[in-house]
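Below is one structure, written out as structure tokens; comments come after it.
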Amino acid sequence: MTDPTTALIHHPYQPPAGFAAPQPGVFKASTVFFPSVSAMREFDWKDKTAYTYGLHGTPTTYTLEERLCALEGGQQCLLVPSGLAAIASVSLALLHAGDEVLIPDNAYGPSKALAEGELKHWGISHRYFDPMCPADLAAKITPQTKLVWLEAAGSVTLEFPDLCEQVRICKASGVYCALDNTWGAGLAFAPFDLLPGVQPALSVDISIHALTKYPSGGGDVLMGSIITQDEALHMKLKLCHMRLGLGVGANDAEMVLRSLPSMALRYRAHDASTRELALWCAQRPEFAQVLHPALPNSPGHAHWKALCGNDMGGAAGLFSVIFKPEFSQSQVDGFCNALQLFKIGYSWGGPISLVVPYELASMRQHWPSHLQQGTLVRFSIGLEAASDLQADLAKALSTLA
Ligand SMILES: *Cc1c(COP(=O)(O)O)cnc(C)c1O
């Protein structure tokens, strides 16, 4: 008779197999058992037909990886603890001292900070290119260039680049192109098949996604993915990912798995309210410019329309306004503070609408000619009724008078 202490740990009961329910199970582990020493020696951590260690994958993370591949149309997926970790691990895996990385000037801010900090310290140089001028990108590619980051639409200012032309330029030069696909989310366009029906497919090499945004949908999970189509490139990224010890917790993976089934519906709902509110703002006298790729006057609208302006397309849940220069920074701060339903906070993709004022001058090489002068405020539209959000905006704007 085994001591009860031991029986609490080694119990003979095995639940019946075949449990089937809407959500896949949540498997948690650091240690994974091998049936024998020879199995331990034989199993390859890279081989997803077996399990070797929690960090290298569990049924929960494998399941999430496969579903994200389906979302973005890729073949392989790595999970990392945040969207920024996805950006960082791509750069760490592909760049060496002496290499250069090109980044669009309207890229996600912390991606630029990584280039100006760690990458620079390690002898990796960077240059920023004009996202709205493919010729500028082409001119900046040199034999040192090993990686080009792309983003559509751009962070904060939401210009929509000629993504297809940018990808063609990278392909022609033989440099890796990595897309920050958080805005498109796999729903607005297909990153590995930008021009459906055109053969050979026009495709980015790598798509990273801040799952923190729409795939999570709750404002309560941080996670990122790195999706590829080429096994050799995936292996390069995977080896670096393993050596850096990056992994995600099973409970977080479960949260994203639970949100994925509603993601396309949520994306469409965010999109519809955002367009309504952006249009409303475009009629208001307080704003010099409203930035939203589906607005005909927004920079890069034609590129957005060509890539995302079909039934399957979309425009996510973000827009920005530039206040007329007569409104001071403190008046604009007062407007943000006066909002009730919009909360002041970073990130997007969750149910609650958010507002952030940005100091654009400090974020760019120079003020882009396609943007009006003035204080910029970005809105992330949640899942509240658009009419209530509009009333909230109107009330806060009335405090400016
Ligand atoms: C939020 C965001 C990220 C980073 O995601 P985190 O999970 O917050 O690190 C990267 N790129 C874009 C475009 C984002 O909006």
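Residue numbers count from 1 along this sequence. One-based numbering, in listed order, for ligands and for the atoms of each. Note that this is a predicted model, so its numbers are computed, not measured.
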For ligand 1, which is the ligand I care about here, please tell me if Glu151 has any N or O atom under 3.5 Å from one of the ligand's N or O atoms. no
Test log, rule salt bridge (Lys or Arg N to Asp or Glu O under 4.0 Å), inputs Arg284 and Glu286: CA-CA 6 Å; Arg284 293 286 307 199; Glu286 292 87 351; 2.7 Å; yes
Name of the residue among Gln76, Lys238, Lys236 meeting side chain to side chain donor-acceptor pair (under 3.5 Å) with Thr228: Gln76
Using distance alone, determine whether Ala85 and ligand 1 share an N or O pair under 3.5 Å. no
Protein heavy-atom partner closest to atom 6 (P) of ligand 1 - residue, atom, separation in Å: Gly83 N, 3.3 Å
Sort and list the pairs that fulfil side chain to side chain donor-acceptor pair (under 3.5 Å) and have at least one residue in residues 15-30, not counting sequence neighbours. Lys28-Asn251
Pairs satisfying side chain to side chain donor-acceptor pair (under 3.5 Å), at least one member in residues 338-357, at least two apart: Ser353-Glu384
Under a 4.0 angstrom heavy-atom cut-off, which atoms of ligand 1 come close to Trp348? 15 (O)
Aromatic rings Phe335 and Phe287: how do their planes relate, parallel, tilted or perpendicular, breaks at 30° and 60°? perpendicular
Should the ring pair Tyr214 and Tyr267 be called parallel, tilted or perpendicular, given that the plane angle runs from 0 to 90° and is split at 30 and 60? perpendicular
Which of the ligand 1 atoms, numbered from 1, are nearer than 4.0 Å to a heavy atom of Lys213: 1 (C), 2 (C), 3 (C), 14 (C), 15 (O)
Check the angle between the aromatic planes of Tyr128 and His126 and answer parallel, tilted or perpendicular using the 30° and 60° thresholds. tilted
Numbered atoms of ligand 1 (with element) below 4.0 Å of Leu222, judged on heavy atoms: 7 (O), 8 (O)
Here the atoms of ligand 1 under 4.0 Å from any heavy atom belonging to Leu84 are 4 (C), 5 (O), 6 (P), 9 (O)
A student comparing Leu211, Ile87, Asp180 should find that the heavy atom closest to atom 13 (C) of ligand 1 comes from Asp180
Show the atoms of ligand 1 that are less than 4.0 angstrom away from any heavy atom in Ser155. 13 (C)
As a test of understanding, state which of Tyr62, Phe34, Phe27, Phe43 forms a ring pair (Phe, Tyr, Trp, His ring centres under 6.0 Å) with Tyr51. Tyr62
Taking only heavy atoms of Thr212, which atoms of ligand 1 are found under 4.0 Å from at least one of them? 6 (P), 7 (O)
Which of the atoms in ligand 1, numbered in the order shown and given with their element, are less than 4.0 Å from a heavy-atom of Ala210? 2 (C), 3 (C), 4 (C), 5 (O)
